[in-house]
Amino acid sequence: MSKFQEDLLKETILSQYLDVVYTGLGLDFQRVSDTNMQYRGADLIYSHKGNDLYIDEKAQLNYLNKDLPTFTFELSYLKNDTLKQGWLFDEEKITDHYFLITGIFLKGIYLKDYKNFRSCKITSVDRTKLIEHLNRLGLTRAKLEFYDHEIRQNQQYGKHAIEEINPKFGSLFFTEHLSEQPINLQLKLKYLMDAKISKRIFPNA
């Protein structure tokens, strides 16, 4: 099985587990099967107070059985050696909220079906509030694209502190070991919650 196929299988099994979690939370949702909608950043349609919200699930499936305090928001990546816009500022995305799936723990060693999941954390991030908050910090799309260009042009892999945000709360990260070589904005989950940009929806506080 290729790495791509393996990742796809993990995502499929996780979505089955998450559907059980969402049902237990009493959420009014439907999972999106249309590939074009998924590409545009909608894994779920969540009906809330008479409005339909498009939810993009982002899961730390490469960090099973770990509970990382941060999450990364994609600014750019490579595809066939061509630079592409990351999903955070991609204007083709219709995402209203991100559901960040972190702290994913298994009951055993192997992930065979959704019953192998023991627990996870789900943090809902309001995409508009996040971008507005970044703008107030001075981290506009243009400023982040400037940083992105400088880091990528100089092949400066790893973590980069930036003056607009305390490095205890956020930084930029250029990943070398992945073929896509993404540059991400890495933010502390607690920082997002303290700033009222996100809230933990599972497990309930």
**Q.** Approximate separation, where rounding is to 0.5 Å, of Leu137 CG and Asn166 CG
**A.** 11.0 Å

Q: Group every Ile, Leu, Val, Met, Phe, Trp and Tyr by side-chain heavy-atom contacts under 4.5 Å, then state whether Leu44 and Ile13 land in the same group.
A: yes

Q: Report the C-alpha separation of Tyr22 and Phe99 in whole Å, then their side-chain angles, then the decisive distance to 0.1 Å, and conclude whether the ring pair (Phe, Tyr, Trp, His ring centres under 6.0 Å) test is met.
A: CA-CA 11 Å; Tyr22 300 148; Phe99 278 6; 5.8 Å; yes

Q: Kindly state whether the ring of Tyr98 and the ring of Trp87 have centres lying under 6.0 angstrom apart.
A: yes

Q | Straight-line distance of Ser198 OG to Ile122 CD1, nearest 0.5 Å | A | 13.0 Å

Q: Flag yes if Phe173 and Phe89 sit in one hydrophobic cluster, no otherwise; membership is Ile, Leu, Val, Met, Phe, Trp, Tyr, and two members link when side-chain heavy atoms are under 4.5 Å apart.
A: no

Q: Give a yes or no on whether Asp81 atom CG has more than 12 heavy-atom contacts from other residues, nucleotides or ligands under 6.0 Å away.
A: no

Q: Check for a donor-acceptor pair, side chain of Thr140 on one end and backbone N or O of Lys143 on the other, with a separation under 3.5 Å.
A: yes

Q: Answer yes if Ile201 and Val125 sit in the same cluster of Ile, Leu, Val, Met, Phe, Trp and Tyr residues linked by side chain heavy atoms under 4.5 Å apart, and no otherwise.
A: no

**Q.** Side chain Asn184, main chain Gln186, donor-acceptor under 3.5 Å
**A.** no

Q: Taking atom NZ of Lys129 as the centre, report whether more than 12 heavy atoms of other residues, nucleotides or ligands fall under 6.0 Å from it.
A: no

Q: Would you check if the side chain of Thr95 reaches a backbone N or O of Gly41 as a donor-acceptor pair within less than 3.5 Å?
A: yes

(Q) Salt bridge check, Lys79 against Glu180: does any charged N sit closer than 4.0 Å to a carboxylate O? (A) no

Q) With distance as the sole test, does Gln155 use its side chain to make a donor-acceptor pair with the main-chain N or O of Arg152 at under 3.5 Å? A) yes

Q) Hey, mind stepping through Ile165 and Leu187 against side chain to side chain contact (heavy atoms under 4.5 Å, CB included) and telling me if it holds? A) CA-CA 10 Å; Ile165 188 169; Leu187 297 170; 3.8 Å; yes

Q: State plainly whether the residues Asp56 and Lys93 are in salt-bridge range, i.e. N to O under 4.0 Å.
A: no

(Q) Can you pull out every ring-ring contact (aromatic ring centres under 6.0 Å, His included) where at least one residue sits in residues 140-161? Sequence neighbours excluded, please. (A) Tyr157-Phe174

Q: Begin from the C-alpha positions of Ser47 and Asp52 and carry the test side chain to side chain donor-acceptor pair (under 3.5 Å) through to its verdict.
A: CA-CA 4 Å; Ser47 297; Asp52 284 344; 2.8 Å; yes

Q. Which pair of non-hydrogen atoms, one from Glu74 and one from Pro182, has the smallest distance, and what is that distance?
A. OE2-CB, 4.4 Å

Using atom types as modelled, flag every donor-acceptor pair under 3.5 Å from a side chain in residues 100-114 to any protein atom, sequence neighbours excluded.
| unit_1 | atom_1 | unit_2 | atom_2 | d |
| --- | --- | --- | --- | --- |
| Lys107 | NZ | Lys115 | O | 3.2 |
| Asp113 | OD1 | Lys115 | N | 2.8 |

Q) Taking atom CD of Gln38 and atom OG of Ser33, what is their separation to the nearest 0.5 Å? A) 7.0 Å

Q. Salt bridge or not for Arg141 and Glu91, using N-O below 4.0 Å?
A. yes

Q: May I ask you to check whether over 12 heavy atoms, not counting those of Glu92, lie within 6.0 Å of atom CD?
A: no

**Q.** Ile55 with Leu14, same ILVMFWY side-chain cluster at under 4.5 Å
**A.** yes

(Q) Please say yes or no: joined through hydrophobic side-chain contacts below 4.5 Å, possibly via intermediate residues, are Leu68 and Leu185 part of one cluster? (A) no

Q | Intermediate values then yes/no, side chain to side chain contact (heavy atoms under 4.5 Å, CB included), Tyr77 and Leu178 | A | CA-CA 10 Å; Tyr77 66 98; Leu178 297 175; over 6 Å; no

Q: Please report the C-alpha distance between Ile151 and Leu172 in whole Å, then the side-chain angles of each, then the deciding distance to 0.1 Å, and finally whether the side chain to side chain contact (heavy atoms under 4.5 Å, CB included) criterion is met.
A: CA-CA 9 Å; Ile151 292 170; Leu172 297 180; 3.7 Å; yes

**Q.** Between OG1 on residue Thr123 and NZ on residue Lys190, distance to nearest 0.5 Å
**A.** 13.0 Å

(Q) Looking at Tyr54, I'd like to know if its OH atom is crowded, meaning that more than 12 non-hydrogen atoms belonging to other residues, nucleotides or ligands lie closer than 6.0 Å. (A) no

Q. Any sub-3.5 Å donor-acceptor pair from Asp148's side-chain atoms to Leu144's backbone N or O?
A. no

Q. Of the non-hydrogen atoms in Phe71 and Leu189, which two are nearest, and what is the gap between them?
A. CB-CD2, 4.0 Å

Q: Work out which heavy atom in Gln60 is nearest to a heavy atom in Thr70; give both atom names and the distance.
A: NE2-O, 2.9 Å

Q. Looking at Gln85 and Leu75, what are the two nearest heavy atoms and their distance?
A. NE2-O, 3.6 Å

Q: Mind checking the CZ-CG spacing from Phe202 to Leu27? Nearest 0.5 Å is all I need.
A: 11.0 Å

Q | Pairwise distance OG1(Thr175) to NE2(His177) - rounded to 0.5 angstrom | A | 6.0 Å

Q | Donor-acceptor contact present, side-chain Asp126 to main-chain Ile197, <3.5 Å | A | no

Q: Could you check if a side-chain atom of Leu139 sits within less than 4.5 angstrom of a side-chain atom of Asn135, using non-hydrogen atoms only?
A: no

Q: Give the minimum heavy-atom separation between Tyr17 and Cys120, together with the two atoms involved.
A: CE2-SG, 3.7 Å

Q: Check the pair Tyr191 / His133 against ring pair (Phe, Tyr, Trp, His ring centres under 6.0 Å), numbers first and verdict last.
A: CA-CA 12 Å; Tyr191 173 77; His133 179 77; 5.6 Å; yes

Q. Yes or no on side chain to side chain contact (heavy atoms under 4.5 Å, CB included) for Lys199 and Met193, after CA distance, side-chain angles and deciding distance?
A. CA-CA 6 Å; Lys199 63 180 180 179; Met193 288 189 279; 5.7 Å; no

Q. Between Arg127 (side chain) and Leu88 (backbone), is there a donor-acceptor pair under 3.5 Å?
A. yes

Q) Between Arg31 and Asp19, does at least one N-O distance fall below 4.0 Å, as a salt bridge requires? A) yes

Q) For Leu53 and His48, which heavy atoms make the closest approach, and how far apart are they? A) CD1-CB, 4.3 Å

